[in-house]
Amino acid sequence: MYEGKIIKFYREKYKLTQEQLGKNICSVTHISKIECAQTKYAPEIINLLSNRLGIDMELEVANFMNIKHRLLHWHDVIVMQLFEEMDQIYYEFEMEELIQISEYNDMYQLLRAKYFLAHNKCNEAFKIIKKLQKKEDKLAPYERNLLKHILGIYSLAKQEYGKVIEILKSIDNTVYKNPEYFYHLASAYHTLTAPVLAYYYAEKSHQFFKQINNYLRVIDAEMLMIIQVQGDTLEEEIINRFKNLIRSCELCNAPDRKAKAFHNLAYEFYRGKNYKEASKYYKQSMMLKDSESSSYLISLEGYIRSSFDGGFSNIEELVHGAEEGLFIAKKNNYSLYVHLFKLLLYLLKSKEKEYHHYLNSKALPMFEKNGFTFLVERSKKELFNYYKKMNLNEQAMEIAQLIVNA
């Protein structure tokens, strides 16, 4: 069944004509019909053609027929974020030439894109996404929905949270039976400050990760669920749940998850105005992160704010940290953090007028455009309080109206 495809692939690879391949074996017409699966052929003919091409046909057919199984296994490994095995399979497929003529080549390209996203290589992933979008209507139903999932993950990485929700909500889960995408949907809702929906989808992903015994992803989903629970009466319980989660991270040897748990625990202390504990845990989170990453910058921003609000750190040290953050943000084109660290520098240098002018004219429009709901709400409150303090009643009323209508 597959022999003809394989013969054609290797013949073209070695730049042989059908006449050259079939010389003293069979006619050009017979070669053509074999390659197009339009005729029956004797095993002896296939053996002679295979020997001339220098291939083991039995092995080639076995590999070809196993492609689908290997791709599905690779997808499972990517979902589970088993990076060592994920990388190994990637390199094996990169050496697998027959994937180019397989009916599963689209699936392979989709999983390559998802693999790149797992490694934060957004540009490489987007090149594949763009090509596949051009033929989206020709993709099989499963692959079409997988493309949506991958585009949702890409949009999440690009901080386009409204787009993430729009894309992922359009997935047909009767065809695409991979509840992992609920986690990405929950992440988007969390960032847009929709705790009920974030908790709902995080819990659905949590159930799925438990079913497949993926304890690292269970930690991810549980962390997202804890973050949604807010209220002063639950503060101690939430802090204890985060500390238990940190111990789970240690047992699973997951420093990246531990860094996230430290960061979220720090925010819980910050929310409760315990700035000393907040500063301590933000610092511990930073120590576990790549200093060039956006996740490092968000913890650095939290550390500087909690230290400043607590009033127990040297201002010069905090200014130096904010300048470091701004440099990294500009270098890596992290526009959100460029705004956040510019604001911090105005704040630390007591440039109140410049702070609020920049907040109103530059930062707030960007926060609104990208759907950073928490930052939008915080910014409006800061501007309202500033305008009232400065007796700028008209501007204060405008902001108040925006807050009321939000």
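Along the sequence shown, residues are numbered consecutively beginning with 1.
When atom types are taken as modelled, the side chain of K148 and the backbone of S170 share a donor-acceptor pair closer than 3.5 angstrom. Side-chain atoms of S32 never come within 3.5 Å of backbone atoms of V28 as a donor-acceptor pair (strictly under, hydrogens ignored). Remark: side-chain polar atoms of S205 are paired, donor with acceptor, to backbone N or O of A202 under 3.5 angstrom. Counting only distance, with no hydrogens or angles, the side chain of K289 and the backbone of S295 share a donor-acceptor pair below 3.5 Å. At distances below 3.5 Å, at least one donor-acceptor pair connects side-chain atoms of R52 with backbone N or O atoms of K23. Judged by distance alone, the side chain of Q228 and the main-chain N or O of L224 form a donor-acceptor pair under 3.5 Å.
V164 and A188 make their closest contact through CG1-CB, 3.6 Å (heavy atoms, listed as atom of the first residue, atom of the second, distance). For the residue pair L348 and I315, the shortest heavy atom distance occurs at O-CG2, 3.8 Å. In this structure, L139 and R144 approach most closely via the heavy-atom pair O-NH2, 2.7 Å. Shown here for A113 and A125, the closest heavy-atom pair between the two residues is O-CB, 3.5 Å. A pairwise comparison of heavy atoms in V77 and M86 identifies CG1-N, 3.5 Å as the closest pair. Minimum heavy-atom separation, Y386 to K353: OH-CA, 3.7 Å.
Around CD of E166, the count of heavy atoms belonging to other residues, nucleotides or ligands within 6.0 Å does not exceed 12. Within a 6.0 Å radius of OH in Y14, more than 12 heavy atoms belonging to other residues, nucleotides or ligands are found.
Side-chain contact check for Y355 versus E382: some heavy-atom pair is nearer than 4.5 Å. Contact check for Y296 versus E292: no side-chain heavy atoms found under the 4.5 Å cut-off. Using a 4.5 Å heavy-atom cutoff, the side chains of L168 and F182 are not in contact. Looking only at side-chain heavy atoms (C-beta outward), L345 and V319 come within less than 4.5 Å of each other. At a threshold of 4.5 Å between non-hydrogen side-chain atoms, the residues I227 and Y267 do not count as touching. Residues L300 and I304 have side chains in contact (heavy-atom distance under 4.5 Å, counting atoms from C-beta outward). In this structure the side chain of Y387 reaches within 4.5 angstrom of the side chain of N360, judged on heavy atoms. Side-chain contact check for F126 versus F116: every heavy-atom pair is 4.5 Å or farther apart.
A salt bridge links K389 with E352; the closest basic N to acidic carboxylate O contact falls under 4.0 Å. Using a 4.0 Å cut-off between charged nitrogen and carboxylate oxygen, E377 and K381 do not count as a salt-bridge pair. A salt bridge is defined here as a Lys NZ or Arg NE, NH1 or NH2 lying under 4.0 Å from an Asp or Glu carboxylate O, and K127 with E124 fails to meet this definition. Of the charged side-chain nitrogens involved, none lies within less than 4.0 Å of a carboxylate oxygen, so that E354 and K349 do not count as a salt-bridged pair.
With sequence neighbours left out, K8 forms a salt bridge (charged side-chain N to carboxylate O under 4.0 Å, His left out) with no residue at all. Residues passing the salt bridge (charged side-chain N to carboxylate O under 4.0 Å, His left out) test with K369, sequence neighbours excluded: none.
With hydrogens and angles left out, the side-chain atoms of N244 and R247 include a donor and acceptor closer than 3.5 Å. A side-chain N or O of E92 and one of Q88 form a donor-acceptor pair less than 3.5 Å apart.
Relative to the six-membered ring of Y346, K351 misses at least one condition, a distance below 6.0 Å or an angle of at most 45° to the axis. Cation-pi geometry between R217 and Y183 is met: the NZ or CZ atom falls under 6.0 Å from the ring centre, inside 45° of the normal. Taking the ring axis of F93 as reference, the NZ or CZ atom of R70 stays within 45° of it and closer than 6.0 Å to the ring centre.
Taking the ring centroids of H263 and Y281, they lie at or beyond the 6.0 Å cut-off. Centroid-to-centroid, the aromatic rings of H119 and Y115 come within less than 6.0 Å. Between H339 and Y358, the distance from one ring center to the other falls under 6.0 angstrom.
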List the steps and the verdict of side chain to side chain contact (heavy atoms under 4.5 Å, CB included) for R241 and L245.
CA-CA 6 Å; R241 286 178 69 180; L245 208 57; over 6 Å; no
The test is side chain to side chain contact (heavy atoms under 4.5 Å, CB included); show your working for Y161 and I165 and say whether it passes.
CA-CA 7 Å; Y161 302 109; I165 291 168; 5.7 Å; no
Between E180 and F209, is a side chain to side chain contact (heavy atoms under 4.5 Å, CB included) present by the stated rule, with each step listed?
CA-CA 8 Å; E180 181 205 16; F209 295 139; 4.1 Å; yes
Test side chain to side chain contact (heavy atoms under 4.5 Å, CB included) on Y104 and H69; report intermediate values, then the result.
CA-CA 10 Å; Y104 302 109; H69 173 75; over 6 Å; no
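To the nearest 0.5 angstrom, Y275 atom OH is 10.5 Å from R305 atom CZ. Atom OH of Y108 and atom CD of E94 lie 4.0 Å apart (nearest 0.5 Å). Atom CD1 of I31 and atom CD of E19 lie 11.0 Å apart (nearest 0.5 Å). A distance of 5.0 Å separates CG of L344 from CD of E301, quoted to the nearest 0.5 Å. Expressed to the nearest 0.5 Å, how far CG of L251 lies from CD1 of I246 amounts to 12.5 Å. Atoms NZ and CG, from K138 and L132 in turn, are 12.5 Å apart once rounded to the nearest 0.5 Å.
When N333, N332, I328, L326 are each tested for a side-chain contact (heavy atoms from CB on, under 4.5 Å) with K330, only one passes: L326. If you run side-chain contact (heavy atoms from CB on, under 4.5 Å) between K258 and each of S285, C252, C249, only C249 comes through.
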